[in-house]
Structure formats: C-alpha cells, structure tokens
Amino acid sequence: MEEFSAGSGLSALAERDSTITKERLLLSGLTHSAPAAPMQLSRQTSITPGLRYKNLGKSGLRVSNIGLATWSTFSSGVTEEQAEQIIVLAVDSGINVFDLSEAYSGPRAEIELGRILTRRAWKRSSYIVTTKIYWSTRSDERGLSRKHIIESVKSSLTRLQLSYIDVVIVHKSDPMCPMEEIVRAMHYCISQGWAMYWGTARWSPVEVMEAYTNCRQFNCVTPIVEQTEYHMFCREKTELYMPELYNKIGVGLMAWSPVSIGMPQGKEDATAQLFARASFRNKYSSFSWTEDETVNKESYSWMKDRIQPEESRRQTERIRELNALAERLGCTLSQLIIAWCLKNESVQCLLLGATTVDQLYESIQSLQLVPKLNTNMMTEIERILENKPTRPPMISTLALR
C-alpha cells in the first residue's frame, strides 16, 4: 500500500512523476485546483499507515483494527477472480480478519474463500477466519440446539477446507434454547479443536452476560467478542454498554455498519435513506439484511409508515452537513464515517466490505484520516449529529415508595 507523504506541496509533487495519488493530496491538505492531466492512482506494497493490531477482547488473539466482511465481496455480482483480487489486496494491506456468514451469501462465501486460501497457500497463522452459526425461523435448521451448532461448525470446516476456525460467532440468540446447552456446545467445539474461540452477534448485553455467567458456572470457555452494528446513527449499545462488558467480563467489540461494508453506492440520498431506515430497530439488535430485507421485502412495509417526513428531512440535512465536512477534509463521506468509527477506542476491529479493489482501497485510506479527527472536529460532528447517547437517570426504589 502507498504511504502518505505528509508535508509535500504542489511543487514537490510536480518535480516527481506525473502520477499523483489521492493520499498525498489528502495529507498535504492542498486547496489548489487539480492539474489538467487526469490523476492516476499508483500503489506500492508497504505497510499500511494507520493499521494497528489489537487484542480481541481480553484474549490473546491479535486482530487488525480493520477486517474484511465478505457480504458484498462474495455477492452474486462479483466474480471469483474479482473476489480473489479483493482478498489479496486485504492481505497485502495487513488485514488479517475475514468475516463470513451463511446469512450473507449462503455457503458460497465459505466455499470461495476456502478455494482462495488453498490456492494462495498463505501461512495459516497469518490470517483469522470468523464464521457464524446462522439460524432462521424460515430455514430447516431452527434454533441453537447442540445438534445444529455442531453440524454447522463441521459443515463450515468442510467448505473452508480448514482444520479449524479461529472464531465461531453465534448469530442471534435463541430464547427457546437453554443457555447452558449453547455454551456447552460451543465449549465442546473448542475442546475438539474445531474452533479456537467463540463470540456472539446481535446479542443484547443481558444475553451476553447470561452466557458468561453460564460459562463460569459450568466451567466452559467464555465468549471473547460481540459483533454489533455501529455508525453515526446507531450508537447506544456500542458507546454505553460494550465498554462495560469489556471491563467486567472481557468481551471485545467487532463493529460493522451499512457504509463500512459497502452497501450504499456513494449517493448522498441513498446513504440518508439507509441510515433513516436503520434508525428504527429494536433497542439492541441490528438487521440481518439478507434475512429480513432480501428474503422478505414486505417486512419493511410497517417501517415506511413509521418514518415521518420530518425525521427523513432532518436525517438528509445531517448527511449533507457531514458531506460538506468530508469535502473540507478532502475525503469522501464513507471515509469520514469509517474514520469516525475507528476513533472509538472500544472498537477493536471494524469490518469493511467491497465489491471492487478500488472500493476497498478507498476504505482502507480512512485509517489515515483518523488523526485529523481532533477534539474540535469531533465536537463539530457531535453538533451535526445531536444524538450522543446518555444513560437514563437512576431510579431510587425508596423514592417510589
């Protein structure tokens, strides 16, 4: 990847080759007009500036602060050759986390990633694969029974052509299944060597704490990560409750957002509509986009009635103000949103997605925007958003008597 050359001016760039990079322009903060000749992106293989490695939760597993979510990478519109190019760029950039799920594109993601990893023959210790145990009320495998968990893990191993999975994530809690059965099944998979760690996705803080308590009670391996949605318009769970879970029981945070995984196509109206739609959800849960939107599109009919014109207008205005702020910083709106998410120290790994190499390359450059988000810039963003979450006031039971 190409590093920024901070402090380089327009004259310095002119003395070099005619190839000018977006990164140099971004760091130098140039306000001059672009040269008449069209700019071309040049890439060099080197350490990606801004890439850091953190412990996932309070485990010893070191993950890059950005990972690759494979929803869009292995979607129907992307060929296997294009997907392999994206995977190779991620590895060359220092990304070592690959997130998979049957909810994204069925078994295709695991099958194709397994083929790519086999062809490339990368050292197994150099990358981390996370996959999900997914269940749906409309599928044959319903709930989180011991049978379904073990069969799902073994099937994933076969599709990935791996001897073990680094982190198995349980996608959605199952209120109909005893928590003891879930944690004992996950402990069994780890004891068999099929997985190294396990975590959760779309679980409430109460459910995560219940799983931890059961693990301690029955001497099972505890979860190390919760995967949740986090962006400028979905903040409460990540900012109020996840730091507490980390400090108390060591559960880390792997975050994603509709923008970071590449869902909007860069259009301002589409981004505003996406966030407006995502603002109406359960308190702690986030959408399973494939299950709730692609499979059953009628499920959003009730939501259209709840989105008031006034709320939609205010949301669009906020997006426009953020877009103007991004232009001042010399970046795109998507890059600003990704950098803002990375600014939160509680986010140990932010999942990125892409359908093209250029899209992933652009998202990775958001790492170099993080230092520019100083106190004044973050204050201005808070002024635009006006949605900083706060804990509800404590209620005294004595006062209620």
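Every heavy atom of this structure was used, including side-chain atoms; hydrogens, water molecules and symmetry mates were not.
Other residues, nucleotides and ligands contribute more than 12 heavy atoms inside 6.0 Å of the CG atom of Asn374. Atom CZ of Arg216 has 12 or fewer heavy atoms from other residues, nucleotides or ligands within 6.0 Å. Heavy-atom neighbours of Lys147 NZ from other residues, nucleotides or ligands within 6.0 Å: at or below the threshold of 12.
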Run Gln365 and Gln368 through side chain to side chain donor-acceptor pair (under 3.5 Å) and show every step you take. CA-CA 6 Å; Gln365 305 315 309; Gln368 301 166 68; 2.5 Å; yes
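The residue from Leu369, Leu367, Leu373 that alone fulfils the side-chain contact (heavy atoms from CB on, under 4.5 Å) condition with Leu342 is Leu367. Considering Leu144, Ile150, Ile149 in turn, Ile150 is the only one that fulfils the side-chain contact (heavy atoms from CB on, under 4.5 Å) rule with Arg146. Here the rule is side-chain contact (heavy atoms from CB on, under 4.5 Å) with Trp198, and of Val167, Val183, Ile224 only Val183 fits it. Tested against Asn387 for a side-chain contact (heavy atoms from CB on, under 4.5 Å), the candidates Met232, Glu236, Arg235, Arg318 yield a single pass: Arg235.
Ion pairing of Lys237 with Glu207 is absent here, as no side-chain N (NZ or NE/NH1/NH2) approaches a carboxylate O to less than 4.0 Å. Taking 4.0 Å as the cut-off between side-chain N and carboxylate O, Arg115 and Glu84 do not count as a salt-bridged pair. Salt bridge annotation for Arg119-Glu80: present, with a cationic side-chain nitrogen under 4.0 angstrom from a carboxylate oxygen.
Looking at Leu89 and Tyr361, their side chains come closer than 4.5 Å, going by heavy atoms from C-beta outward.
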